[in-house]
Protein chains: 2
Amino acid sequence: MATIGDVARVAGVSRSTASYALSGKRAISEDVRRRVKDAVRELGYTPNAGARALATSQTMVIGLLAQFLEDEFAPAMLQYMLGVSNTARELGYDILLSTEADGRNALRRMTDSRMVDGIVLLNVAEDDDRLPILRDAPQPGALVGLPADCSGVEVFDLDFEEAGRTMVEHLHRLGHRELVLVSQPEHVVERGGAYVWRLQNAALAEARARGITLHAVFGPAQQPEVGRALHGLLDAHPDATGLLINNEAAAAALPTVLHERRLTAPADLSVVGRYSDEFARTFSLPYSSIESAPDRLGRMAVRELVRRIEGQVGPDEPHVVRFVSPELVDRGSTGAPRGD
Amino acid sequence: MATIGDVARVAGVSRSTASYALSGKRAISEDVRRRVKDAVRELGYTPNAGARALATSQTMVIGLLAQFLEDEFAPAMLQYMLGVSNTARELGYDILLSTEADGRNALRRMTDSRMVDGIVLLNVAEDDDRLPILRDAPQPGALVGLPADCSGVEVFDLDFEEAGRTMVEHLHRLGHRELVLVSQPEHVVERGGAYVWRLQNAALAEARARGITLHAVFGPAQQPEVGRALHGLLDAHPDATGLLINNEAAAAALPTVLHERRLTAPADLSVVGRYSDEFARTFSLPYSSIESAPDRLGRMAVRELVRRIEGQVGPDEPHVVRFVSPELVDRGSTGAPRGD
DNA sequence: GAACGTCGTCGAACCGGTTCGAAACGACGC
DNA sequence: GCGTCGTTTCGAACCGGTTCGACGACGTTC
């Protein structure tokens, strides 16, 4: 494999001159620059990434930590990963991926050994045990998900409070007076999935403010339990006319459940979920939903991370905490309640 | 950040001695070894990955190329990625992920700049344009998917011929005489997805040999087209009693279609698919299926790749081409045809 | 007591880049 | 003819590890 020494020899210059000719960091005569570039082409030279990283202490790699925890709906996670990965590439960075269950271990390895210039954490819990490590690390970090303590990192998340309010408001306006909200399983919440609380509490408050009833329940995240749970739920609340779903597995299982009960949306029941458009297409879900925008969040996280890495924003400048406003995508699954 | 020089100074030895004390590649007195280890702990020393890669020309990183092409069913791809990633970690390797549409570009970058010790290619087409680049690369490569030319790389794939035969045999034995096979969209085949052909041709041959009818059709891979296509298919072949599905999107859409037609499996129609158990759970598919074993294939690819990387198998020893035998997972969706 | 082997350690070189300071060179003004 | 300046190039040092050859100390052996 050709090194810059080979290039220099072929071009008849010193190694440093070859380096400058390629980087353009010093003035180089047109003649020499051409000779160096020709030599590069002739030898098929590509700089050695390790050597460059050593010399510049820049790896041009971003670490991506994605934990696939129990009851995490994998296809949903994938979309965040793709948003991160594709954006990183556009900005000239590669992705070092860890899917290790022990995220702390992976994080330490990546940061301590200087394999990456920055870190993106997916699926961040309220009291995420990876955060103290990330804060101590010399590399900047960006999160998708809202922890209790946002200091020292860039944070991006959907505005789940607004999402909860929007869902309730939307159905109330259509005339619904009794709603059911299906959240993620309780142990996802206990693990620190605070976004579940945020949406649920905002929805409850909004319902109270509007004087309507909202039954909030945790649904399982696995088949076939979730199907049974949905049946039980609809049995338990026969007067509910609106269904809110903040649980990917439940959303995916809903078409079958409604078919089994001979119900159609919106004629018999208005349904609104919270998942991405891509998710809706993959699972052919016909329900209106709050767009969770995973690709957009991943993209924003990487963008801001790279700005930090490249020093376009100073180390003392405040960190970003940004909430994406939820948009309701109308797929026609909501309407006036049947009784009206 | 502490370097090995710092460790050496604290321990009162030379850098080389510190290195040997840690690697164990030369005899070191118990006293010195302890002092070095203490210094490591005290300073929180972790070797710099770039420096080590430069010195040893080993990065302990494996490149993973996953292209998310049009009509590729993303959740299915994710399972291969996880198999690769998790196995790599178990063997001490990290994953450099590329999801770039232009796989050749990503491959060249990874290999030329020596960022990785080996490469795993997912979703390999019959005449995959990444293969010539991989063969020329100094790093070994492993594929998931069967190309026309297997030379110079390790190849792992499901035995799609046997899968096709098994599906037909299974339904024939139960008494079915007219079957329909839904394959991937035609342009996936044209792009080089030869596995579609392999399964289809073997199924057709097996049906012929058994004197039964098999209608093979290409199905779309997107919603809502695939649902309509399934309806059209069932309309067109009212006498078919068995349905074979080699198309993830069609499999995912089938429960709804059957509900809409008021059909249940196996009472009205026997159904057998080709997808992984994980996929079946994610989409709550109740159909018996040929297990496509993505995690196992990813695992095997990485295992063999690492054996090559670490020289446990010599450069002149022949490369592996291994087909995983398909297993039929019985989920009770097949039985004797209704007419019997 | 000289020759020899073993063990533990050190210094130096190397991996392949980048970058700083200085030197060589021609042009210019005086 | 000499000093000065700007442009272009070079040599050396450095990033942080690993590894080879050598060397000193010590214990055996004849």
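Below, chain A is the first sequence line, B the second, and so on; all start at residue 1.
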Residue pairs, two or more places apart or on separate chains, that pass side chain to side chain donor-acceptor pair (under 3.5 Å) and touch residues 305-320 of chain B:
B/Y93-B/E310, B/E154-B/R308, B/E154-B/H319, B/E310-B/Q312

Of all residues at least two apart in sequence or in a different chain, which pass the side chain to side chain contact (heavy atoms under 4.5 Å, CB included) check with [X]?
| X | value |
| --- | --- |
| A/N123 | A/E72, A/M77 |
| A/E100 | A/S98, A/N105, A/A106, A/R109, B/R89 |
| A/R114 | A/P138, A/Q139, B/M1, B/N48 |

Once side chain to side chain donor-acceptor pair (under 3.5 Å) is applied, do any residues pair with B/S16, and if so which ones, sequence neighbours excluded?
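Listed in chain order: B/S14.
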
So does B/M81 get a backbone contact from the side chain of B/S85, meaning a donor-acceptor N/O pair under 3.5 Å?
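Not confirmed, B/S85 side chain does not pair with B/M81 backbone.
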
Could you tell me, to 10°, how much the axis swings from one end of the helix from C/dG1-D/dC30 to C/dC30-D/dG1 to the other, five pairs per end?
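Taking the rotation axis at each end, their angle is 70°.
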
Take a 6.0 Å sphere around CZ of A/R135 and say whether it holds more than 12 heavy atoms from other residues, nucleotides or ligands.
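Atom CZ in A/R135 is packed in, count exceeds 12.
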
Please determine whether the number of non-hydrogen atoms from other residues, nucleotides or ligands lying under 6.0 Å from atom CG of B/D127 exceeds 12.
no

Walk me through whether A/D38 and A/R35 qualify under salt bridge (Lys or Arg N to Asp or Glu O under 4.0 Å).
CA-CA 5 Å; A/D38 285 350; A/R35 264 159 43 212; over 6 Å; no

Salt bridge (charged side-chain N to carboxylate O under 4.0 Å, His left out) against A/R15, all qualifying residues, sequence neighbours excluded
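Scan of A/R15 (salt bridge (charged side-chain N to carboxylate O under 4.0 Å, His left out), adjacent residues dropped) gives none.
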
Residues two or more places apart in sequence or in another chain: which of them pass salt bridge (charged side-chain N to carboxylate O under 4.0 Å, His left out) with B/R108?
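Per chain and number, B/R108 pairs via salt bridge (charged side-chain N to carboxylate O under 4.0 Å, His left out) with no residue.
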
Classify every nucleotide of nucleotides 15-21 of chain D by which part a protein heavy atom approaches to under 4.0 Å, writing B for the base, S for the sugar-phosphate alone and - for neither, in 5'-to-3' order.
BBBBBBB

As an exercise, state the distance from CZ of A/R52 to CE of A/M60, rounded to the nearest 0.5 Å.
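The CE atom of A/M60 is 9.0 Å from CZ of A/R52, to the nearest 0.5 Å.
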
For DNA chain D, find the residues of residues 27-42 of chain A with a heavy-atom distance under 4.0 Å and give them by number; none if there aren't any.
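Within this stretch, A/A27, A/I28, A/S29, A/V32 sit under 4.0 Å of the strand.
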
Does any residue of residues 109-119 of chain B have a heavy atom under 4.0 Å from DNA chain D, and if so, which ones, in number order?
none

Polar pairs (N or O, both sides) under 3.5 Å between protein and nucleotides 25-28 of chain C?
none

Distance alone, cut at 3.5 Å: any donor-acceptor contact between the side chains of A/D31 and A/S29?
no

